[in-house]
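Working notes for the structure below.
In what follows, every chain begins at residue 1, and chains take the letters A, B, ... in the order their sequences are listed.
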Amino acid sequence: MRPILSIAGTTVGEAIRRRVLLIILLVGILFLAIAPGLSILSARQERAVLIGLTLGVIQLTSVVIAIVLTVYMIPNEIERRTIYTILCKPVQRWQFLVGKYLGAVAALALMMAMMTVVLIVVYAIQQQVYSPDQLAPLAKAPVMFFVQMSLLAAVAIFFSTFVTPLVNFFLSGGLYLIGSAFSSFFESISQSANVQPFAKGIATFANMILPNFAYYNVQNPLINPQQAIQNETVYYIQVTVYGLFYIGILLVGGILIFDRREV
Amino acid sequence: MGAAIETKNLTKSYKSKQGGRINVVDHLNLYVEEGEIFGFLGPNGAGKTTTIKMLLGIIYPTEGEGYVFGKELGDMEVHRIISYLPEKPYYYEHMTGLEILRFYGSLFGIKDDDLFKSLLEKVNLAGDMTKTINQYSKGMQQRIGLAQSLLNDPKLLFLDEPTGGLDPIAHIEIRDLILQFRAEGKTCFISSHELSDVERICDRVAIINKGRIAKQGPLDDLLKGGRIEITATDITEAFSKTIQDKDAIVSFSHGRLIVDLPDDHNPNALLDAVRSSGGTIVSVIPRRKRLEDLFLETVSGHDGSSVEIPNPNDAKEGAEA
Ligand SMILES: Nc1ncnc2c1ncn2[C@@H]1O[C@H](COP(=O)(O)OP(=O)(O)O)[C@@H](O)[C@H]1O
Ligand SMILES: [Mg+2]
């Protein structure tokens, strides 16, 4: 456990100093801060629009950070040979990979927490609402985004064990788009009666194996129409467990590949 | 004393640019005794780093096997008692010297700031331990690398080109540290293509070229077969032609004669002949063979040396080639 935590800690330290990531984060925060000035709608609509807009900014920023952070992580370690000084110590490869992953997730948590704080502050000032009871629920969506980004980071770490950063960028990004936008589409096909069995089979298969990023877009009923959430807490727990399960599978797969590859 | 390292036909092949596969390390049979400083010498691209990585279990052999302290390559128990200083290493730039040692120490479960500070002192970085690595010079980075390689008080150190790209003073500092390791009873496996570094400190060396061991043995034995250079003046050209020894290298011009003899030839007969022909002996200089010469003649394939240290495993070599 000790090596995993040290590797994770070092990874966080490095991540929060990477200039590209800081710039992306700053741009995100800047958009959050100016969001209220952009809303030109009536006062009644303003609240919903403001929330939708700022959450969208957080999500988009987080996706970019998650991908940029993780696709280079393993290749950089190999290129700079830092990995050699680690793997020649009593550290197993799976410990290294898990440490790197946890570090990425922790760095993401840190950056997303910062953005969430900015969002809450902006909302409080704009809406003149200062009671914690009213502000706290604003963090719910970012928490779900965090689970989503953790899943995305696991996808990218998995690919980074065998493809180059550039290929990984498109693979992970593509999978994120497909998993966010089309998984409900696959689901509806697989459940619809008047579709050919073959297409239905493919849709069911795609729906089963693709990571369903749409589960976490709880604030966006447009993207996820038939997701009628009855019990919020149960739903959150379910999709989090789904995420953890999927992350586990990706990490095990990544470890199996990484264990065999040359570094 | 037992073997610290032993390999049997250790081989690594990669895809070559022309297609097909090439043995970058080719049926290597190494034997490193515990407690010795072993020089692993060869030109760039000879396969030194590849061999070390296999011995550490970072990459996997295509063929053959190896043992470090009797255990299979990559054994985690072995990783507790060895260490590695990679070629041109890089350390996390945002960390200070002390943080680097804390990080690598934690990989062994070591949490001992006193130890870390004493190691920093040992490599002369005590004054710079709060500077971040990106403020370190190359030599300082190499020294922090050495400090991290000493964290677990290793029994065996792999040093890959430890003086590569360093200035002469840093060379000497590193060399002194390596000598200190030997005094502490540690085994050192040093790869290098710069012979001046290892010449004075290695007990035994292996010369590797194109993945194969060209020579392996105690340095003293390999360096046998030096030359003696005899210079004389007032010599006639006729006399210079009378020198029969076919191992001698004779040069003559304007009455000046230089004869280069293998050092196991007795020079007395020649000296007597020079004197009785009316010549004057200017100098007789014994030249011990330098590692440089041995290296060059081995690597270039013109092996003028009469010494071949048989490797107990050599007989097996070639069978699989
Ligand atoms: N991953 C690899 N893929 C293909 N060829 C490699 C790889 N690693 C090393 N080589 C080749 O193996 C040879 C030996 O390399 P190396 O062991 O680094 O030599 P040395 O350390 O003696 O300079 C070189 O020709 C190098 O190009
Ligand atoms: Mg090398």
* Could you tell me which portion of A:Arg17 (side chain, backbone, both or neither) has an atom closer than 4.5 angstrom to a non-hydrogen atom of chain B? => side chain
* Structure fact -> The interface call for A:Gln92 against chain B, heavy-atom contacts under 4.5 Å, is both
* Asked: Heavy-atom distance under 4.5 Å to chain A: side chain of B:Gln148, backbone, both or neither?
  -> both
* To do: Heavy-atom distances under 4.5 Å only: say whether A:Arg93 touches chain B with side chain, backbone, both or neither.
  => side chain
* Asked: For chain A, which of B:Leu107, B:Ile82, B:Leu85, B:Leu56 has the most heavy-atom pairs under 4.5 Å?
  -> B:Leu107
* Asked: Checking A:Glu79 against chain B: side chain, backbone, both or neither under 4.5 Å from a heavy atom?
  -> neither
* Asked: Strictly by modelled atom types, are A:Glu14 and B:His94 linked by a side-chain donor-acceptor pair under 3.5 Å?
  -> no
* Asked: Given the rule in the ring-ring contact (aromatic ring centres under 6.0 Å, His included) test, do B:Phe108 and B:Tyr104 qualify, once you have shown the distances and angles that lead to the verdict?
  -> CA-CA 7 Å; B:Phe108 290 105; B:Tyr104 284 107; 8.8 Å; no
* Top of B:Glu99, B:Glu77, B:Glu87, B:Lys53 for chain A proximity - count of heavy-atom pairs under 4.5 angstrom -> B:Lys53
* **Heavy-atom side-chain proximity of A:Phe146 to A:Val105 below 4.5 angstrom** => yes
* Indicate yes or no: at least one non-hydrogen side-chain atom of B:Arg80 is less than 4.5 angstrom from one of B:Asn152. => no
* Asked: Got a salt bridge between A:Arg80 and B:Glu93, using NZ or NE/NH1/NH2 to carboxylate O under 4.0 Å?
  -> no
* Asked: Looking just at side-chain N and O atoms, do A:Tyr176 and A:Gln148 make a donor-acceptor pair shorter than 3.5 Å?
  -> yes
* Structure fact -> Okay, B:Lys88 and chain A: the region with an atom under 4.5 Å from a heavy atom over there is both
